[in-house]
Amino acid sequence: MKDKTTKMLQKCSLGAKMGVSGINAAQRYVGDPKLLFLLSEYKEKHRAIAEEADALLHERGEKSKSPSRATLKIARAVTAARVAVKPGDMHIAQMMIRSGESALERLAGLLSSCKEADASAKETVKKTVLTEQEFLRKMRECL
């Protein structure tokens, strides 16, 4: 089994990449320029987190993981279906909030299950938590 640091960094990287994918999927349906700007801003922050985690993995001689094509296609299809059922920027913001809340739960679980991970990995996850919390606050302001 991989050590806790590698596990933590791989999950953090993968989660951030899924965040980028989810934001990409939602952006094509957004009409409000403010919401579109916020999504773009946080897509870049998620991308930076993934790059940081990937760099730490590389330093350890480990490979990062990316979401599978099937996972990405399913996520896009689910987003499209949800928007088709209930279109509008407010609903998209609500979807982003639910995704962010779910990410925070997973990150909390990751921090508690990988207590033996090194400080750099924990800091990357904590930075991700702060980014998600900020993202949620700003998305709630859009409602």
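Residue Leu36 comes nearest to Val30 through the heavy atom pair N-CG1, 3.7 Å, listed as atom of the first residue, atom of the second, then distance. The two residues Asp54 and Ser64 come nearest to each other via the heavy atoms OD1-CB, 2.8 Å. Leu110 and Cys12 get closest at one heavy-atom pair: CD2-N, 4.4 Å. Heavy-atom minimum distance, Thr5 versus Ala117: OG1-CA, 3.2 Å. Closest approach of Leu143 and Ala93 over heavy atoms only: CD2-CB, 3.8 Å. Ser120 approaches Leu56 most closely through the heavy-atom pair O-CD1, 3.9 Å.
Under 3.5 Å, the side chains of Tyr42 and Glu134 contain a donor-acceptor pair of N or O atoms.
Taking 4.5 Å as the limit, some side-chain heavy atom of Met8 sits within range of a side-chain heavy atom of Leu111. Arg28 places a side-chain heavy atom less than 4.5 Å from the side chain of Arg76. Residues Leu72 and Met18 have side chains in contact (heavy-atom distance under 4.5 Å, counting atoms from C-beta outward). A heavy-atom distance below 4.5 Å is found between the side chains of Met139 and Leu39. Leu136 is listed as a side-chain neighbour of Leu104, based on a closest heavy-atom distance under 4.5 Å. Residues Thr71 and Ile74 fail the side-chain proximity criterion, which asks for heavy atoms closer than 4.5 Å.
The CG atom of Asp3 lies 9.0 Å from the CG atom of Leu9; values are rounded to the nearest 0.5 Å. Interatomic distance, Ser66 OG to Gln10 CD, rounded to the nearest 0.5 Å: 11.0 Å. Note: Ile92 CD1 to Ile97 CD1 = 12.0 Å, rounded to the nearest 0.5 Å. Put simply, OG on Ser102 and CD on Glu132 are 9.5 Å apart, with the number rounded to the nearest 0.5 Å. Rounding to the nearest 0.5 angstrom, the gap separating the CZ atom in Arg140 from the CD atom in Gln94 is 11.0 Å. Here CG of Leu38 is found 13.0 Å from NZ of Lys43. Values are rounded to the nearest 0.5 Å.
More than 12 heavy atoms of other residues, nucleotides or ligands shown are found within 6.0 angstrom of NZ on Lys45.
With Lys17 contributing its side chain and Lys65 its backbone, the two residues share a donor-acceptor pair below 3.5 Å.
Residue Met90 is grouped with residue Leu35 when hydrophobic side chains (ILVMFWY) are merged at heavy-atom distances under 4.5 angstrom, including chains of intermediate members. Placement of Met96 and Val83 within a single hydrophobic cluster is found when ILVMFWY residues are connected by side-chain heavy-atom separations under 4.5 Å, directly or transitively.
Salt-bridge check for Glu141 with Lys138: failed, with every basic side-chain N at 4.0 Å or more from each acidic carboxylate O. Salt-bridge annotation for Lys4 and Asp118: absent, with no side-chain N of the basic residue lying under 4.0 Å from a carboxylate O of the acidic one.
In this structure, His46 and Phe135 have perpendicular ring planes: the angle between them is above 60°, well past the 30° mark.
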